[in-house]
Amino acid sequence: MRVGNLTIEPDVLLAPMAAVTDLPFRTVIEEVGVGLTITEFLSAHALTEGAKKAVDKMTPSLDGRRFGVQIFGREPETLARAAKMAVEIGASLVDINMGCPAKRVVAGACGSALMKEPELAQVLVRAVRAAVPADKPVTVKHRAGWDDRNLNAPEFACAMVEAGAAMITVHGRTRTQGFSGKSDRAIIGKVRAAVPSHVPVIGNGDVLTVADYVRMREETGCDAVMIGRGALGNPWLFRGIQQQLRGEAVTAPTNEDRKRVFARHVELIVAHSPPKKLVHELRKAVAWYTKGLRNSAEVRERAFHVLDPLQVREIAFAYFSSLDQEKSARDEILSLVDKQSRQVA
Ligand SMILES: Cc1cc2nc3c(=O)[nH]c(=O)nc-3n(C[C@H](O)[C@H](O)[C@H](O)COP(=O)(O)O)c2cc1C
């Protein structure tokens, strides 16, 4: 997929997620393989004021890999200055958040509240477009609309493109839905149909499996898919999508995969998290990587009661190894039963 001069390959992006898509998380997904990762949304005001918390979150990807920065705000000049800062640290694109439903964000008339003010939203896109070099795409991520009586995503997307947006991402829920109900693929399809064909439209919402990815592409005609929650503890979803796109069999992660990637994630957290947040970040990772696995509540409970990062890691490692042991014990029993039933026959 091309966004202006930028090639994004494979056709899958990691969604910006506040308190999730930090450098360690993005790196793990990039190492499995993804078209592009994007930082969590960063307040343009905080960035331009030099607020350390915001500036520290605007981190370039490792090893020179490309990345996007997402910003939010409603003052054209502030957004333009924040966008310049993003480009200065090497961002390949600047995404403007017009989809956040959070009360504190819409109270400031930012995020999804901008869907009620398309003219101001256009002014913001124009200001950012004018501030960054022509080869840096300016993109917009928004929702289906404010509520189900105002499903203006197709018109809104066209207005953003007219103002200079080079890519549109649509999360198929309204602001009032928050995260309830389902992401509506029909409205994403309508946005794809409305926006000029040279501007890619990215489908977003509820893609948890490779089959969901295929459905999103087929039903909406979108050019690529953006994945958020489905990536938590499951970077192999991105591997599966690449296998699917290459026409190969899709493989599930083995416990060895889990150990290797979890170890890498821990290594990155230890290297890049502020000391005060280290244990918290490690516990989050344990929760993500063990969710849905056998007896995982127990391992999370144990990890949540220790303060030493090394111990947190050891607890998770022992758990992943125990899954292997359980599996080989199960395989042994199954092969014994098989042997016995063949003898009886
Ligand atoms: C914890 C969390 C944080 C999020 N933070 C952001 C954000 O910073 N910027 C943004 O545009 N969307 C944010 N989102 C929305 C996601 O990018 C995405 O649009 C939404 O989760 C739907 O996609 P999914 O079903 O694949 O998760 C966030 C979602 C979650 C769950």
Side-chain angles (χ1 to χ4, degrees), residues 12-23 25-26 29 34-44 46-47 53-54 57-59 67-73 79 82 86 93-106 108 110-115 121 124 138-145 153 157 160 165 167-175 177-185 187-188 191 201-213 215-217 220 222 224-235 237-238 240-241 280-281 284-285 287-288 291:
V12 60
L13 292 86
L14 177 66
M17 286 185 283
V20 176
T21 51
D22 56 8
L23 185 63
F25 195 101
R26 281 162 39 214
I29 304 294
V34 63
L36 194 75
T37 66
I38 302 178
T39 65
E40 66 182 84
F41 73 153
L42 301 170
S43 153
L47 285 173
K53 248 184 168 174
K57 285 179 181 167
M58 197 170 63
T59 36
F67 64 100
V69 167
Q70 192 188 59
I71 53 178
F72 74 95
L79 271 179
L93 66 75
V94 179
D95 189 66
I96 308 177
N97 180 306
M98 299 194 186
C100 181
K103 271 199 186 128
R104 74 178 170 89
V105 173
V106 293
C110 301
S112 58
L114 286 167
M115 290 197 77
L124 301 180
V138 174
T139 61
V140 172
K141 179 169 179 282
H142 62 79
R143 287 196 167 224
M160 297 309 103
M167 176 180 98
I168 298 289
T169 303
V170 193
H171 175 195
R173 285 187 175 82
T174 61
R175 187 270 163 179
Q177 266 185 297
F179 285 91
S180 65
K182 287 207 174 96
S183 174
D184 178 8
R185 288 194 287 272
I187 191 113
I188 299 171
V191 173
V201 170
I202 315 304
N204 170 237
D206 302 344
V207 172
L208 301 175
T209 63
V210 174
D212 293 337
Y213 172 90
R215 213 169 295 132
M216 177 68 93
R217 295 288 303 264
T220 67
C222 66
V225 172
M226 181 180 272
I227 298 181
R229 291 164 298 172
L232 302 178
N234 188 14
L237 176 53
F238 293 84
I241 289 168
H280 175 69
E281 293 301 323
K284 261 171 32 183
W288 290 333
K291 192 166 176 235

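For ligands, and for the atoms within them, numbers begin at 1 and follow the listed sequence. Note that these values count all heavy atoms, side chains included, but never hydrogens, waters or copies made by symmetry.
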Please work out, at 4.0 Å between heavy atoms, whether the side chain, the backbone, both, or neither of Asp206 comes within that distance of ligand 1.
both

Could you tell me whether Arg104 sits above the aromatic face of Phe41, with NZ or CZ closer than 6.0 angstrom to the six-membered ring centre and within 45 degrees of the axis?
no

Closest protein heavy atom to atom 17 (O) of ligand 1, given as residue, atom name and distance to 0.1 Å
Pro16 O, 2.8 Å

Strictly under 4.0 Å, does any heavy atom of Cys100 approach an atom of ligand 1?
no

Is any NZ, NE, NH1 or NH2 atom of the basic residue among Asp206 and Arg185 found under 4.0 Å from an Asp or Glu carboxylate oxygen of the other?
no

Between Met216 and Gly205, which heavy-atom pair has the shortest distance, and what is it?
CE-O, 3.7 Å

Is the contact between Lys141 and ligand 1 made by the side chain, the backbone, both, or neither, using heavy atoms and a 4.0 Å cut-off?
side chain

Closest non-hydrogen atoms of Val210 and Gly240, given as atom of the first, atom of the second and distance, are CG2-C, 3.7 Å

What part of His171, side chain from CB on, backbone N/CA/C/O, both or neither, has a heavy atom under 4.0 Å from ligand 1?
side chain

Identity and separation of the nearest protein heavy atom to atom 21 (O) of ligand 1
Phe179 CE2, 3.3 Å

Report the residues that fulfil side chain to side chain donor-acceptor pair (under 3.5 Å) with Thr139, sequence neighbours left out, ordered by chain and then residue number.
Asp95

Nearest non-hydrogen protein atom, atom 23 (O) of ligand 1
Asn204 ND2, 3.0 Å

Can you check whether Gly99's main-chain N or O pairs, donor with acceptor, with Arg175's side chain at less than 3.5 Å?
no

How far is atom 30 (C) of ligand 1 from its nearest protein heavy atom, and which residue and atom is that?
Met17 CG, 3.9 Å

Minimal heavy-atom distance between Val170 and Val201, with the atoms involved, is CG2-CG1, 4.4 Å

Any N or O on Gly228 sitting closer than 3.5 Å to an N or O of ligand 1?
yes

By the definition side-chain hydrogen bond (donor to acceptor under 3.5 Å, both in side chains), identify the one residue from Asn97, Thr39, Thr21, Thr169 that meets it with Gln70.
Asn97

Nearest neighbour in protein (non-hydrogen) for atom 5 (N) of ligand 1
Ala18 N, 2.8 Å

Measure Gln70 to ligand 1 on non-hydrogen atoms and call it side chain, backbone, both or neither using the 4.0 Å cut-off.
side chain

Once rounded to the nearest 0.5 Å, what's the spacing between atom NZ of Lys141 and atom CD1 of Ile202?
11.5 Å

At a 4.0 Å threshold, what atoms of ligand 1 neighbour a non-hydrogen atom of Ala15?
17 (O)

Show me which atoms of ligand 1 lie under 4.0 Å from any heavy atom of Arg229.
21 (O), 24 (P), 25 (O), 26 (O), 27 (O), 31 (C)

